[in-house]
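Labels below follow one simple rule: chain letters A, B, ... track the order of the sequence lines, proteins then strands, and each chain is numbered from 1.
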Protein chains: 2
Amino acid sequence: MGPLPAVVPVEGLPSRVTIYEVGPRDGLQNEKTAIPTATKAELIARLLDAGLSPVEATSFVHPRWVPQLADAADLETLLAERLGDVARDLPVLVPNERGLDRALDLGLAHVAVFGSATETFAQRNLNRSYDEQFAMFEPVVTRAKDAGATVRAYVSMCFGDPWEGRVPIEQVVTAGRRLLDLGADQLSLGDTIGVGTAGHVTALVAAFVEAGVDVDRLALHFHDTYGQALANTLAGLHAGVTTYDASAGGLGGCPYAQSATGNLATEDLLWMLDGLGIEHGVDLAKVVATSVWLSGEIGKESPSAVVRALGAGTAAAGA
Amino acid sequence: MGPLPAVVPVEGLPSRVTIYEVGPRDGLQNEKTAIPTATKAELIARLLDAGLSPVEATSFVHPRWVPQLADAADLETLLAERLGDVARDLPVLVPNERGLDRALDLGLAHVAVFGSATETFAQRNLNRSYDEQFAMFEPVVTRAKDAGATVRAYVSMCFGDPWEGRVPIEQVVTAGRRLLDLGADQLSLGDTIGVGTAGHVTALVAAFVEAGVDVDRLALHFHDTYGQALANTLAGLHAGVTTYDASAGGLGGCPYAQSATGNLATEDLLWMLDGLGIEHGVDLAKVVATSVWLSGEIGKESPSAVVRALGAGTAAAGA
């Protein structure tokens, strides 16, 4: 592979972070190309082999809403054949009790629900009011916990909302607190439309801590729509957050913005973490090679700067 | 225009910064498309109208080395006709005494020289050794200062070098100090291949300050080759640096990397600064409209995330 960044740590940052890989679920659900189930299984296996953990595998959502993930059950079968028990440790999104039933039937150990910090997005994405969403999640979280599964709760539109504009920090903290009170183990605070900037990140994390939430229960989920994802991650590191969502190759894109860029690319995040000397346990070259391979499979160039800069060399090295 | 970031300042950052716009020179010298001189003059006029200042206009380099800027003299004539005295305030790059002669003949008030922090790049780009470059710059800086012009000194390859790998911080500080000792007013520290990360920025700025250099004499020049430019800018702000080089629409690209991305896009920088509540005096919508217009002129989509996200709406609004 090409150059690597010089390692120059910054005092006060976490010494180790967890990258929560969302490419196979959040990335692929926003890709327009139909992707064979076997390709998805291969993608997940490669990401695990690169050291990424957790890797969110799919969503047990009704195929009418997300046709890209209609093969969730088949994918789980393939993964169980290929990975054995490891397949049960891959988190899946469960939008409701029906989705949870499917996850529990398969004996999966980790599920995630997808909430909204705003009224409008709750109505548009969940077909529920802001308040009603918590009533919908309550039995999902309770039953998942009773079955011994961990529960991650996504909170979307934490910084801005395409219909409501700026989202008040107190409103996000309230939504997050309610999900934690239901029993969720971790919150993933999402900048779904990518408008947030570094100071907003700092203030949001501080507000959660002030509200009594342990910073270790927070994850940050940034989109690169306005180019801010990595600067916001740096702000998150300064605020002590140790879990970051990212998508291999920058897979996926926010349907509410015209930009080609969506999720923070795992590779760009890895480059920064490597430079800062922050441990993550992931092999950058293997992730780049995976993204180059997937680009070929789906016929679309990766928007990740690192993949573009290193990709050709890695593909050659992998050939 | 579309959404804007919520304003959430961070304590301890500068309240105001200067954006040093390099698009017309550093951006266009790396574009492959031949661009009419009138288009360049229009670009500069639009960038000035958006509030950007300074705007580096061109380079008095021999056309053999940078054919894209062979029209420097014609451009200056056009700019003087169109902008009057303002044209004399636009900095130009002068690679040597011959270039300086041309700038002084036109009565220009600001010139820039382009040095290297590494031996190999000095030889390849300047056809001089690392030590010999200072002998070449000495009469340029001295004569410029004697004529009442200010001198900016670019220091390239401050973080990594494609041939030498990591560049030691002491070596960069030595190069910068020698240029300041010759009489340069400002240093622009460039991550020419874009490999640097946030901690490296912090350490480099700290090393200059420790060597007795006033932080106000430093500018930072980041490339987005590995997606790090804006995170590195955030680190620079934390270190107290108040001048940042950027290129409208992310114009230009580093010839030493395969990535489509080169200079930090002015628009992506403005988005972060707006979110942080840091004053800059620039109208984001006008810069986006300019980049959309230029994309049409040169037939190439802007790599700036902000331009991609807001561009369509702005183009419509500007029509």
Toward chain A, the part of B:V7 with a non-hydrogen atom under 4.5 Å: backbone
Minimal heavy-atom distance between B:A305 and A:G227, with the atoms involved, is CB-N, 3.4 Å
Please find the pair of heavy atoms, one from A:Y226 and one from B:A309, that lie closest to each other, and give the distance. CE2-CB, 3.6 Å
Atom pair NE2/CG of B:H200 and A:L276 - distance to nearest 0.5 Å: 11.5 Å
Gap separating the CG atom of A:L4 from the OG1 atom of B:T197, nearest 0.5 angstrom: 11.0 Å
Counting heavy-atom pairs under 4.5 Å with chain B, the top scorer among A:E267, A:Q228, A:E11 is A:Q228
Only pairs of heavy atoms separated by less than 4.5 Å count here; which of A:L273, A:V10, A:L230 has the most with chain B? A:L230
Drop me the distance from B:H238's NE2 to A:L234's CG, to the nearest 0.5 angstrom. 6.5 Å
Heavy-atom pairs under 4.5 Å with chain B: which of A:A231, A:G196, A:G160, A:A235 has the most? A:A231
Flag the one option from B:I169, B:D268, B:L13, B:D274 with the top tally of heavy-atom pairs under 4.5 Å to chain A. B:D268
